[in-house]
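This report concerns only the one structure given below.
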Amino acid sequence: MSYFRIVFSSFLLIAFTSVGTKAQIAVKTNLLYDATTTPNLGLEAGVGKKSTVNIVYGLNPWTFHSGSKGDRKAKHWVLIPEYRWWTCSKFNGHFFGVHALGGQFNAANAAIPVPGFFFSGENLAKGVKDYHYQGAFAGVGATYGYQWTLSRHWNAEAEIGIGYCHAWYDKFPCYECGAKIGNGGSNYLGVTKLGLSLIYIF
């Protein structure tokens with residue numbers, strides 16, 4: 001099943017789950033994630049008086065060309081489903097959540113700021129500056145955030161998530177050429193979500 005189909009199926013699950021509660025549904029984009037040249041779309045729906053389900057999908061398909069430093073890329077796609085519990089009412093104020101994440105990556109000759117640490121396996125954040133990595137990742141984490149009401153339909157949101165992620169990868173010596181020189185897995189602990197989002201609530 002393609003990841004596009006997974007995203008669509010997940011949205012349908014949220015929509016049908018929410019019908020019985022006459023819940024609000026919101027569409028959002030993470031402006032911090034957009035700033036990394038990764039377009040993203042989030043969908044959130046209420047599933048109770050103080051609870052919502054949130055799904056974010058991000059896709060970075062770009063290769064950047066530089067005459068002095070060579071081609072560089074941090075291609076990836078990621079899907080992040082999350083359950084949220086609100087201290088007051090949904091889409092308003094403080095919330096706590098649990099999330100999962102998974103996706104694939106293809107990166108080379110890039111500087112990737114990773115606010116955490118790799119405690120086993122290769123440090124992919126440093127290694128990708130000199131090597132080419134392809135693989136997949138999956139993880140879990142906990143979230144804290146806050147939403148501000150801007151108008152009847154518009155909200156702003158800030159959030160941070162801390163968790164664990166494991167990456168499986170194949171390693172290559174350079175971006176354009178070379179046979180595979182290794183494979184392995186790395187374990188990461190640190191920030192798994194960081195967002196400043198603009199939200200439209202239907």
Side-chain angles (χ1 to χ4, degrees), residues 3 6-7 10-11 13-14 24-47 50-62 74-88 90-107 110-119 121 123-125 128 133 135-148 150 154-169 186-201:
Y3 50 84
I6 293 173
V7 174
S10 300
F11 174 66
L13 178 62
I14 286 181
Q24 292 171 300
I25 294 179
V27 177
K28 63 181 69 176
T29 186
N30 183 341
L31 302 178
L32 295 182
Y33 204 15
D34 288 328
T36 69
T37 68
T38 305
N40 63 92
L41 176 66
L43 301 169
E44 185 171 6
V47 292
K50 291 188 175 184
S51 58
T52 59
V53 176
N54 185 61
I55 292 178
V56 174
Y57 174 72
L59 174 65
N60 186 318
W62 320 114
K75 293 183 177 182
H76 68 277
W77 67 266
V78 62
L79 184 67
I80 308 174
E82 180 179 45
Y83 170 79
R84 293 176 168 183
W85 180 82
W86 300 75
T87 60
C88 183
K90 56 183 179 286
F91 300 106
N92 180 36
H94 301 275
F95 65 85
F96 298 90
V98 289
H99 64 270
L101 66 155
Q104 294 177 305
F105 62 93
N106 182 357
I112 302 175
V114 178
F117 64 94
F118 291 86
F119 60 90
N123 186 326
L124 299 183
V128 76
Y133 292 90
F137 60 91
V140 294
T143 313
Y144 165 74
Y146 192 92
Q147 273 194 29
W148 294 268
L150 303 180
W154 291 98
N155 277 13
E157 173 185 284
E159 63 173 334
I160 185 169
I162 305 294
Y164 162 81
C165 191
H166 181 81
W168 301 263
Y169 59 83
S186 293
N187 293 298
Y188 166 84
L189 187 64
V191 175
T192 48
K193 290 189 73 182
L194 186 64
L196 181 61
S197 299
L198 186 63
I199 305 166
Y200 184 84
I201 302 175

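Computed from a predicted model, the values in this text were never measured in an experiment. In what follows, every heavy atom counts, from backbone to side chain, and hydrogens, waters and symmetry copies are set aside.
- Taking the side chain as every heavy atom from C-beta outward, Val47 and Thr52 never approach each other to under 4.5 Å.
- Between atom NE2 of residue His166 and atom CG of residue Leu189 there is a gap of 14.0 Å, rounded to the nearest 0.5 Å.
- Annotation for Val140 and Leu101: closest pair N-CD2, 3.8 Å, computed over non-hydrogen atoms.
- Considering every non-hydrogen atom in both Asp34 and Asn40, the closest pair reads OD1-ND2, 2.8 Å.
- Counting non-hydrogen atoms of neighbouring residues, nucleotides and ligands closer than 6.0 angstrom, the CH2 atom of Trp62 reaches no more than 12 such neighbours.
- The aromatic rings of Trp86 and Phe95 sit tilted, their planes meeting at an angle between 30° and 60°.
- The minimum heavy-atom distance between Thr192 and Tyr188, with the atom names listed, is CG2-CE2, 4.3 Å.
- Nearest heavy atom pair, residue Ala74 against residue Ala107, reads CA-CB, 4.0 Å.
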Audit row: Val27, Leu43, side-chain contact (heavy atoms from CB on, under 4.5 Å) steps and yes/no: CA-CA 5 Å; Val27 177; Leu43 301 169; 3.8 Å; yes

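- Taking every heavy atom of both residues into account, Tyr33 and Val78 meet most closely at OH-CG1, 3.2 Å.
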Using distance only, find each side-chain donor-acceptor pair of residues 110-119 under 3.5 Å and give its atom names and separation, not counting sequence neighbours.
none

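- Separation of the Tyr200 and Trp154 ring centroids falls under the 6.0 Å cut-off.
- Ring geometry for Tyr133 against Tyr169 counts as perpendicular: the plane angle is over 60°, on a 0 to 90° scale with 30° as the lower cut.
- The two residues Ser51 and Tyr83 make their nearest non-hydrogen contact at CB-OH, 3.1 Å.
- Taking the six-membered ring wherever Trp is involved, the centroid distance between the rings of Tyr146 and Trp148 falls below 6.0 Å.
- In this structure a side-chain-to-backbone donor-acceptor pair under 3.5 Å is present from Asn30 to Leu194.
- Thr87 is listed as a side-chain neighbour of Phe96, based on a closest heavy-atom distance under 4.5 Å.
- A distance of 10.0 Å separates CD of Gln24 from CD of Glu44, quoted to the nearest 0.5 Å.
- Lys193 contributes atom NZ, which lies 11.0 Å from atom CD1 of Ile160 (distance to the nearest 0.5 angstrom).
- His94 places no side-chain N or O within donor-acceptor distance of the main-chain N or O of Gly145, the cut-off being under 3.5 Å.
- In this structure the side chain of Val56 never reaches within 4.5 angstrom of the side chain of Glu82, judged on heavy atoms.
- Formation of a donor-acceptor pair under 3.5 Å by the Asn54 side chain with backbone atoms of Arg84 is not found in this model.
- We find the CG-OG1 distance between Leu32 and Thr38 to be 11.5 Å, quoted to the nearest 0.5 Å.
- Atom CG of residue Leu31 and atom OG1 of residue Thr36 lie 11.5 Å apart, to the nearest 0.5 angstrom.
- Here Glu159 does not pair with Lys28 in a salt bridge; the nearest charged N to carboxylate O distance is not below 4.0 Å.
- Ile25 CD1 to Ile201 CD1: the interatomic distance, rounded to the nearest 0.5 Å, is 11.5 Å.
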